[in-house]
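The structure appears right after this line, and notes come after that.
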Amino acid sequence: MKKKWSMALAATTIATLLLTACGGGGGGTSESGAPSGSPAASGGGSAGTQTIRFATWDTGDALKIEQDIAKKFEESHPGTKIQVEAYADGFDQKLAAGFGATNPPDVMYMWDFPTYHQSLEPLDGYVSKDASLKVDDFYSGLFNYGKIEGKLYGIPAGFTSRVVYYNKKLFDEAKIPYPKDGWTWNDFQAISAKLSDKAKKQYGFGVRASNDTYDLQGFVWSNGSSFISDDGKKIDGYMNSKETAQAIQVFGDMVKNGSAVLVGGKGQQSGEDIFKAGKIAMWESGIWPLESFKTAGIDVGTVEMPAFPGKPVKGVIAESALSIAKDSKQKDLAWEFVKFYVSDEAIKMRKADLPVRVSVVNELKLDQDPLYKPFYTMLERSDNTPAFLLNAKWNEVNRQLSAAVEAVVQGSDAQDALNQAVKDSERYLK
């Protein structure tokens, strides 16, 4: 799930690949090496076996789990084979090439619906006719991330909201109480300053040298602003509003006054690695690093994001979904696999994802577990719509915004940097 957001910057390139590939016809090879259009490549199978191709961006343990889910599906559907295709970091390029050659996988992980929705099968009809999916058992709001112009193109498979991780040992040594839900950014900055000791190379917080602006939206929403208007047409007065600038300036100020350290830049360790080394007291992220923090022996706690004084805290969701290709020749069977993939049984197998079904969370008591509860309280506070879903040209705007944010954490004034970013970006919205 994590990879999908790092792929955002490649979206414009992918759109070009889609257009180019559309004109090129077939003639290539499938991921399995079979020629395009051959039964094996198109999912037709052989000797009475029906083959569904499933493309994933996952690798390692997560991929092994997906392969196990595929075997479970095959066991319950005799005569069916799930061909798991692991595209890893080449996910977008391989997916775009498959769509362009009208030889896509039948089912694929998906998050970038604005770029790909025209190549995906609308799923509204499947959902409305199939009560066994139990839509009401999914957390409300997750389906909104898979909709474009009112049509549903993806079924939620996993998600994460963002929380603050904290190192209990460093808090105990400094005799500072652990942070609690309802804390503010003023609290956060004061604690971070107390836990920073340059002589020990220890800091209260790590600021990413290159922030993903998608993740920053939660901070901006929490201060009552956004990067773009609700109708997706205006950025002036939004991306450079006083409230947006204040939210971004927090990070620049913390680096400047020494209560945080810049991490993850060229020649620098990642914030997660420094947190695991016990040199950062607090780290903001999704569910992804939790297991590695435990493995590193860090006595870690989690808490919901801080609020700006007098304003409700807002969160942003990173969601992965499963989609069916419009060109799939076996859509009904693909739908059966999608349903199985989001069933209670398969969800419990996917240890790296936060469950999307209420029944699974209740059964596993995750909403009562101190480490997992903040992810679900932040989910309840994540009802804003991300900018990339509001304007198809957001990726062009985002390049200027990313540069502005990077300049702020390096010392520039947030208001000046964002004003310039708006000035450089408005041409893309005309």
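- The backbone N or O of K326 sits less than 3.5 Å from a side-chain atom of K331, completing a donor-acceptor pair.
- For E336 and K339, the salt-bridge test passes: some basic side-chain N is under 4.0 Å from an acidic carboxylate O.
- Between the side chains of T102 and D327, not a single donor N or O lies within less than 3.5 Å of an accepting N or O.
- Between F91 and W57, the two ring planes are perpendicular [angle over 60°; tilted spans 30° to 60°].
- Salt-bridge annotation for K134 and D137: absent, with no side-chain N of the basic residue lying under 4.0 Å from a carboxylate O of the acidic one.
- Summarising the geometry, atom CG belonging to D236 is positioned 10.0 Å from atom OG belonging to S241; distances are rounded to the nearest 0.5 Å.
- Taking CZ from F388 and OG1 from T115, the interatomic distance works out to 8.5 Å, rounded to the nearest 0.5 Å.
- The distance from atom CE of M108 to atom CG of L120, rounded to the nearest 0.5 Å, is 6.0 Å.
- Counting only distance, with no hydrogens or angles, the side chain of Q189 and the backbone of W185 share a donor-acceptor pair below 3.5 Å.
- The residues D383 and K314 are annotated as salt-bridged, a charged nitrogen and a carboxylate oxygen being separated by less than 4.0 angstrom.
- Under the 3.5 Å distance criterion, with hydrogens and angles disregarded, no donor-acceptor pair is assigned to the side chains of S225 and N223.
- For the atom pair CD (E74) and CD (Q50), the distance works out to 12.0 Å, reported to the nearest 0.5 Å.
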Requested in this report: Run the numbers on Y109 and Y87 for side chain to side chain contact (heavy atoms under 4.5 Å, CB included), then give the verdict.
Outcome: CA-CA 10 Å; Y109 258 110; Y87 293 175; over 6 Å; no
Query raised in the report: Does the salt bridge (Lys or Arg N to Asp or Glu O under 4.0 Å) test come out yes or no for E304 and R381, once each step is laid out?
Result: CA-CA 10 Å; E304 69 177 38; R381 294 165 184 177; 2.5 Å; yes
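- The shortest non-hydrogen separation linking A421 to A404 is CB-CB, 3.9 Å.
- No side-chain N or O of D416 forms a donor-acceptor pair with one of Q420 less than 3.5 Å apart.
- At least one donor-acceptor pair under 3.5 Å links the side chain of T302 to the backbone N or O of L371.
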Give every donor-acceptor pair under 3.5 Å between a side-chain atom in residues 360-367 and any protein atom, sequence neighbours left out.
unit_1	atom_1	unit_2	atom_2	d
N362	ND2	V358	O	3.4
E363	OE1	K348	NZ	2.9
E363	OE2	K348	NZ	2.8

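- The distance from the CG atom of N211 to the OH atom of Y214 is 15.0 Å, given to the nearest 0.5 Å.
- With respect to R427 and E396, no salt bridge is recorded, no charged nitrogen being found less than 4.0 Å from a carboxylate O.
- Between K276 and D273 a salt bridge is recorded (basic side-chain N to carboxylate O distance below 4.0 Å).
- With hydrogens and angles ignored, the 3.5 Å screen pairs no side-chain donor or acceptor of Q217 with any backbone N or O of P386.
- Side chains of D92 and Y116: a donor-acceptor N/O pair is present below 3.5 angstrom, by distance only.
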